[in-house]
Protein chains: 2
Amino acid sequence: MIGMKDVKGADSPDLTATATFRLGTVGAYVTDAYTARIDALGFGLRPKHVGLMTVLAAEGPGRSQQDLARGLGVAPSLVVALADHLEGLGAVRRERDPADRRRQLLTLTDEGRALLARCAAIGHELDEELLDGVPRADRERLHAVLAALAGRFGLPG
Amino acid sequence: MIGMKDVKGADSPDLTATATFRLGTVGAYVTDAYTARIDALGFGLRPKHVGLMTVLAAEGPGRSQQDLARGLGVAPSLVVALADHLEGLGAVRRERDPADRRRQLLTLTDEGRALLARCAAIGHELDEELLDGVPRADRERLHAVLAALAGRFGLPG
DNA sequence: GAAAACGATTCATGCTCTGAATGATTCTCA
DNA sequence: TGAGAATCATTCAGAGCATGAATCGTTTTC
């Protein structure tokens, strides 16, 4: 039976054998699951809100919205909406930069840090469920490769 | 300096340390890159079109649109639009099931197979570029883990 | 043979995101 | 110094993708 599926012609390249395909489908699935979890918190949070808080926590306080937009890879106008919502939750503070009053400096508040911590905890819970049964060595290698790729692509984190 | 970042309180759980976060961001990045490539083909193809062709190729001809919708995890009405477009390209054939004339049986044409092959080739090219420099052993392990997860989640492929 | 169930299709709508236009502030440099 | 270019945040209209309800034809059930 070996080779039977090739009877009709040359071996067709299999898309499902690519990392591109697997990363895309698995990534979308995981993101959907995560979206549902943070939505259940009831604060109207979407992954991009968490992303914004994450870069805010990572790159220290006092980033302009322009910086954030670049860091997140989104349009500046979207950062406005994200920041509006987070500000409404008290998770983020907006202050005009005294040195350049065009800029809005965003800072994560203590409440924001607490909220981000909850979102991070949800991520860890989800990891446990999704990767249940995957050997620790495999998990670590997966994480190492993904982190390396993220760094190469200039992704946040 | 060790532990300095914890000065202000308990060690905050780090979202960027989760597979959830990494799979989400890296997956979205890779999907964007792939979307741009297949778009450059000029056939108006989006990842879901390729997904539809992929399950059609994998699960043999003669699937109803209802089946496909379940397999892809999308609403049946979306399959209509996807199939419309692919039919317009000559990549897919629509035939009423003689045994149940409510059903539309979708079949990948030879042209469809050729188109899918091109899309798969693009995926492999992208793999080469994105994973350039990643050791073969790591690539294989990455793929194995992702394939296992995809199977567990019931994803196509 | 009537009613319920099922499949495909259309359509209106929601959601996310973008890019252009606007207003305020700062920078450039003649 | 002062006029025009550049920069930042914001608003707003609109594109694009996906969904769910309504509809029509077909089949199943009893």
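Just so it is clear, the model here is predicted, and its values are computed rather than measured. Protein chains get the first letters and strands the later ones, always in sequence-line order, with residue 1 at the start of each.
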Notebook entry, point to check: How far does the helix from C:dG1-D:dC30 to C:dA30-D:dT1 bend, going by the axes of its first and last five pairs, to the nearest 10°?
Noted result: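 Inter-axis angle at the ends, rounded: 10°.
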Next item on the list: Would you indicate, yes or no, if C:dG7 has its OP1 or OP2 atom less than 4.0 angstrom from a side-chain nitrogen or oxygen of B:Arg94?
Entry: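 No, no such contact exists.
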Margin query: Using OP1 and OP2 only, check whether a side-chain N or O of A:Gln66 sits under 4.0 Å from D:dA9.
Written below: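 Yes, such a contact exists.
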To the nearest Å, how far apart are [X] [atom1] and [N] [atom2]?
{"X": "B:Arg96", "N": "C:dT9", "atom1": "CZ", "atom2": "P", "result": "6 Å"}
{"X": "B:Gln65", "N": "C:dA8", "atom1": "CD", "atom2": "P", "result": "5 Å"}
{"X": "B:His85", "N": "D:dC17", "atom1": "NE2", "atom2": "P", "result": "10 Å"}
{"X": "A:Asp84", "N": "D:dT10", "atom1": "CG", "atom2": "C1'", "result": "9 Å"}
{"X": "A:Asp97", "N": "D:dA9", "atom1": "CG", "atom2": "P", "result": "10 Å"}
{"X": "A:Arg63", "N": "D:dA9", "atom1": "CZ", "atom2": "C1'", "result": "17 Å"}

Notebook entry, point to check: Taking the six-membered ring for Trp, are B:His85 and B:His49 parallel (under 30°), tilted (30 to 60°) or perpendicular (over 60°)?
Noted result: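 If you compare the ring of B:His85 with that of B:His49, the planes turn out tilted.
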Notebook entry, point to check: Do the side chain of B:Thr109 and the main chain of B:Ala91 share a donor and acceptor less than 3.5 angstrom apart?
Noted result: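 Yes, because the side chain of B:Thr109 sits within donor-acceptor range (under 3.5 Å) of the backbone of B:Ala91.
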Checklist line | Cationic N near anionic O, under 4.0 Å, B:Arg113 to B:Asp110 | finding: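 B:Asp110 and B:Arg113: salt-bridged.
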Notebook entry, point to check: What is the per-nucleotide protein-contact pattern of nucleotides 12-25 of chain C, from the 5' end, where B denotes a base atom under 4.0 Å from a protein heavy atom, S denotes such proximity for sugar-phosphate atoms only, and - denotes neither?
Noted result: ----SSBB-----B
